[in-house]
Structures are given as structure tokens and as C-alpha cells.
Amino acid sequence: MKINQQYYRSIWLHPQDKKVVQIIDQRSLPHAFVIRDVKTVAEGVYAIKEMLVRGAPLIGAMAAYSMYLATLEAHQQQVADVAAFLQQAATNLLASRPTAVNLHWAVQRQQAAIGLAKSIDEKMTVALQTAQDICEEDVEICRMIGVHGLPLLTAISKQKKGDTVNILTHCNAGWIATVDWGTATSPIYQAHEKGIKVHVWVDETRPRNQGARLTAWELAEHGVPHTVIVDNAGGHLMQHGLVDICIVGTDRTTYTGDVANKIGTYLKALAAKDNGVPFYVALPSTTIDWQMRDGLKEIPIEQRRASEVTHIQGLHEGEIKQVQLTPTNSAAANFAFDVTPARLVTGLITERGICAASEQGIASLFPKTTLA
Ligand code: MRU
């Protein structure tokens with residue numbers, strides 16, 4: 001998508017040096033646009049852990065490129081046991097963030113591809129190709145999520161006789177969380193391009209404010225009308241008929257349709273249910289966990305450091321600063337995700353179409369992959 005009229009993706013290979021991966025450092029957005037080089041698997045792990053890159057599909061893409069960087073390192077360092085070196089790289093990547101299943105999916109796909117290659121030269125070539133394939137596929141998948149989600153917005157627009165469609169979203173499931181297009185934002189961008197009047201309620205999404213910082217920034221860059229709201233406002237807006245539809249992303253969806261997404265998503269789904277507002281989850285199939293049945297019991301929920309709650313980041317006199325919010329001696333808990341049970345989800349918007357959030361619904365679109 002475009003930033004300041006220039007086309008970008010969220011991750012790419014350095015145009016002059018294919019041993020370097022480049023990313024947009026999302027920690028400093030929207031106040032500073034910083035591109036960072038990632039040259040080693042350790043830097044890739046750091047980028048995921050510290051959330052220079054975040055969002056399930058982009059975490060997967062970063063992990064895939066990091067496995068490629070690991071093959072380059074194995075070559076440069078002339079390591080004796082390449083398999084052990086690459087296994088350690090995979091283990092470190094898998095430990096970087098626990099909830100987004102795309103990380104596991106991408107690392108496993110790389111391991112399978114690299115494992116078939118015999119020489120280290122061949123491994124480097126295959127790993128680069130696989131990382132690039134994963135990125136290209138993600139772009140197309142996200143575009144198709146938009147294609148399938150668009151009719152939902154068109155129908156509401158028609159029902160409202162062309163009046164503005166009000167969409168509420170949580171966190172950032174935008175293009176910056178994927179390689180391009182985004183998941184929840186893809187139908188919104190496509191509707192906006194088609195001239196359908198849309199307006200997005202952007203949950204700020206404490207503690208890291210992905211909504212206020214990233215979703216608002218993306219939408220502003222594209223001229224999509226939007227309003228940032230505090231996380232507690234959604235219920236009130238729904239009670240007063242100011243939300244036509246909720247669309248959120250997900251980090252891991254069980255094959256039965258339970259959805260793990262940014263903390264606070266569950267409360268929005270509850271409010272939506274109580275007010276008869278449709279609640280959709282947009283996801284690439286790479287976010288479906290084919291091994292997990294019960295989201296509440298099985299999905300690992302990341303707990304991050306307390307300082308993300310006790311402190312808040314913002315711009316002060318031209319500089320990005322952290323300020324303390326809470327009393328110095330107050331403890332803080334930082335659960336990064338929650339699980340919305342399938343029964344609260346109106347439908348899943350995938351690259352193959354929209355389905356019910358249920359084992360049957362998912363199996364109807366992805367028949368071969370679903371477990372019995
Ligand atoms: O902690 P984050 O910022 O990585 O969490 C991101 C989300 O919760 C997104 O909604 C999810 O990854 C979907 S991204 C298309």
C-alpha cells in the first residue's frame with residue numbers, strides 16, 4: 001500500500017544486497033518512519049520479540065526470511081553441523097512470540113523446504129525462494145480476503161441507501177500487520193477504492209496502542225475516514241447504532257472457529273452480540289491451527305512485560321518519549337491476547353470465502369486440512 005504516495009510492502013529484500021532484509025520499524029510509527037536492516041537470525045528474533053514487526057502474517061514472513069538469513073550465516077561461518085545450526089535458529093524463532101501460529105507455520109514450511117536441499121548453496125537458494133513465495137502468497141491471500149469481504153460492506157451500504165458504513169476494528173489487522181492489504185482492512189480498502197462511503201472506528205488498543213498508532217496511520221495515509229476511540233467506547237457506540245459491523249483480525253483460530261486476537265477483542269464480541277452487530281473475523285488460512293480444538297484451553301496467551309502497561313509512548317516536543325502512568329509500586333499484568341469463542345463470531349472472512357466459525361464451516365472451505 002502507499003505511504004506518502006509511494007508504494008511499500010511491510011518487508012522486502014534489500015534491492016542492492018540480497019543478504020539483507022528490510023522492514024519498517026513499527027515501534028516508532030506514526031511519529032517517525034524508520035526502515036531497518038535485518039542481517040542475522042538473531043536480529044530477526046529481536047524484531048519479532050520487540051515488535052519492530054508484528055501482526056500474525058508479518059511475523060510469519062519475518063520468520064521465513066530469518067530462516068533464510070540463518071542459511072547465509074551457516075554458510076558464512078562454515079558451520080560443521082548445518083542441520084543443528086538451522087534447528088537452533090528455528091527453536092529461537094519459535095520462542096520469540098507464542099500466540100501467532102503463522103510463526104510456526106512459516107518456520108515449519110522453511111524447515112521442510114531447506115531439509116530437501118542437499119548442499120548449503122542449494123539451501124540458501126531454496127530458503128530465499130520460500131520466504132519470497134510466502135510473502136507473495138500472503139499478498140494474494142489478503143487481497144482475496146478483501147474480495148470476499150467487500151460484499152458485506154456493499155450490502156450494508158445498499159441497505160443504508162449509500163449512507164456511510166461504520167466499521168469497528170480492534171488492534172491493527174492492517175497492511176502493516178501483513179505483507180500488504182491487511183486482513184480486516186482489506187475489504188475496507190477495497191470498498192473505499194470502489195467509492196463506497198466507509199468510516200472506521202479505531203480502538204486505540206492499549207497497552208501498545210496498535211490501533212491509535214498503526215491503524216489510524218494506515219487509514220490516514222489512504223484517506224479512509226476514521227475516528228480513534230478509547231477501548232472502552234465500543235459498547236456505547238454499538239448501543240447507539242453507530243456501528244454497522246465489526247471486523248477484526250486473529251493470531252490463531254482453532255479448526256472449530258475459536259479466535260485468539262489482541263486483548264479486548266472478546267469484550268467487543270460480547271458487546272456486538274448484545275447489540276445485534278455482526279462480528280466478523282478476517283484471516284488467512286495460515287492463521288488456522290489445525291491441531292487445536294478448544295481455543296480457551298489450548299491457545300497459548302502471551303504475557304508481556306509490565307512496563308508496557310505502566311508506561312505509555314508518545315510524541316513530546318518532537319521526540320518520542322515514554323511516560324509513566326501508574327504509581328511506582330503498583331503491579332501491572334499484561335495479557336497480550338484473549339480468546340473469542342466461536343459462538344460470538346458471525347463469520348470468518350478467508351481467502352476462499354466467508355464461512356461459519358465452526359468446524360463444519362471451516363471444513364467447507366478447507367476440506368483436506370481439517371482434522372476429523
Ligand atoms: O501483538 P500484535 O500487535 O502482534 O497483535 C496483532 C493482532 O492482534 C492482529 O489483530 C492479528 O495479528 C491479525 S494481523 C492481520
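From a predicted model like this one, the values you see are computed outputs, not experimental measurements. One-based numbering, in listed order, for ligands and for the atoms of each. Only heavy atoms go into these numbers, but all of them, side chains included; no hydrogens, no water, no symmetry mates.
Close approach of ligand 1 to Cys171 is summarised as follows: ligand atoms under 4.0 Å from at least one heavy atom of the residue are 5 (O), 6 (C), 7 (C), 8 (O). Distances below 4.0 Å separate heavy atoms of Thr178 from the following atoms of ligand 1: 15 (C). Taking a cut-off of under 4.0 Å to the non-hydrogen atoms of Lys262, the atoms of ligand 1 that pass are 1 (O), 2 (P), 5 (O), 8 (O). Near Ala56, meaning under 4.0 Å from one of its heavy atoms, ligand 1 places the atoms 12 (O), 14 (S). Set against the non-hydrogen atoms of Asn261, the atoms of ligand 1 under 4.0 Å away are 7 (C), 8 (O), 9 (C), 10 (O), 11 (C). Interface of Phe337 with ligand 1, defined as ligand atoms under 4.0 Å from a residue heavy atom, comprises 1 (O), 5 (O), 8 (O).
Within the 4.0 Å heavy-atom shell around ligand 1 one finds Pro57. Residue Glu302 places every heavy atom at 4.0 Å or more from ligand 1. Residue-ligand proximity: Arg208 is placed with every non-hydrogen atom at 4.0 Å or more from ligand 1. The shortest separation from a heavy atom of Ala100 to ligand 1 is not under 4.0 Å, leaving the residue out of contact. Residue contact check for ligand 1: Asn172 places a non-hydrogen atom closer than 4.0 Å to it.
Taken from CG in Asp25 to CG in Asp37, the straight-line distance is 11.5 Å, to the nearest 0.5 Å. To the nearest 0.5 Å, the span separating NE2 on His199 from CG on Asp244 amounts to 11.0 Å.
Comparing Arg54, Met51, Gln26 by heavy-atom distance to atom 6 (C) of ligand 1, the nearest is Arg54.
Counted within 6.0 Å of CD on Gln77, heavy atoms from surrounding residues, nucleotides or ligands total more than 12; the atom is thus considered enclosed. For Gln322, the CD atom sits in a packed shell: over 12 heavy atoms of surrounding residues, nucleotides or ligands are nearer than 6.0 Å. His316 NE2: 12 or fewer foreign heavy atoms inside a 6.0 Å radius. More than 12 heavy-atom neighbours from other residues, nucleotides or ligands sit within 6.0 angstrom of NZ on Lys160.
The protein heavy atom nearest to atom 11 (C) of ligand 1 is Asp251 OD1, 3.1 Å. Residue, atom and distance of the protein heavy atom nearest to atom 14 (S) of ligand 1 are Ala177 CB, 3.6 Å.
Salt-bridge annotation for Asp294 and Lys297: present, with a side-chain N of the basic residue lying under 4.0 Å from a carboxylate O of the acidic one. Using a cutoff of 4.0 Å between basic side-chain nitrogens and carboxylate oxygens, Glu302 and Arg97 are scored as salt-bridged. Contact check on Asp289 versus Arg252 returns a salt bridge, with a Lys/Arg side-chain nitrogen under 4.0 Å from an Asp/Glu carboxylate oxygen.
No donor-acceptor pair closer than 3.5 Å links the side chain of Glu308 to the backbone N or O of Asn334.
Backbone and side-chain nitrogen or oxygen atoms of His170 are examined, and none is located within less than 3.5 angstrom of a nitrogen or oxygen of ligand 1. Ligand 1 has an N or O atom lying under 3.5 Å from an N or O atom of Gly55, backbone or side chain. By the 3.5 Å distance cut-off applied to N or O atoms, Thr183 is not counted among the residues near ligand 1. The N/O atoms of Gly174, backbone and side chain alike, include none that comes under 3.5 Å of an N/O atom in ligand 1.
Hydrophobic clustering places Leu13 together with Val41 (ILVMFWY residues linked when any side-chain heavy atoms are closer than 4.5 Å, directly or through intermediates).
Contacts of Gln210 with ligand 1, taken as heavy-atom pairs under 4.0 Å, involve the side chain alone. Using a 4.0 Å cut-off between heavy atoms, Arg97 contacts ligand 1 through its side chain alone, with no backbone atom that close. Within the 4.0 Å heavy-atom criterion, the part of Thr250 lying near ligand 1 is the backbone and not the side chain.
Under 3.5 Å, the side chains of Asn102 and Thr287 contain a donor-acceptor pair of N or O atoms.
For Trp181 against Gln190, the heavy-atom pair with the smallest separation is CZ3-CG, 3.7 Å.
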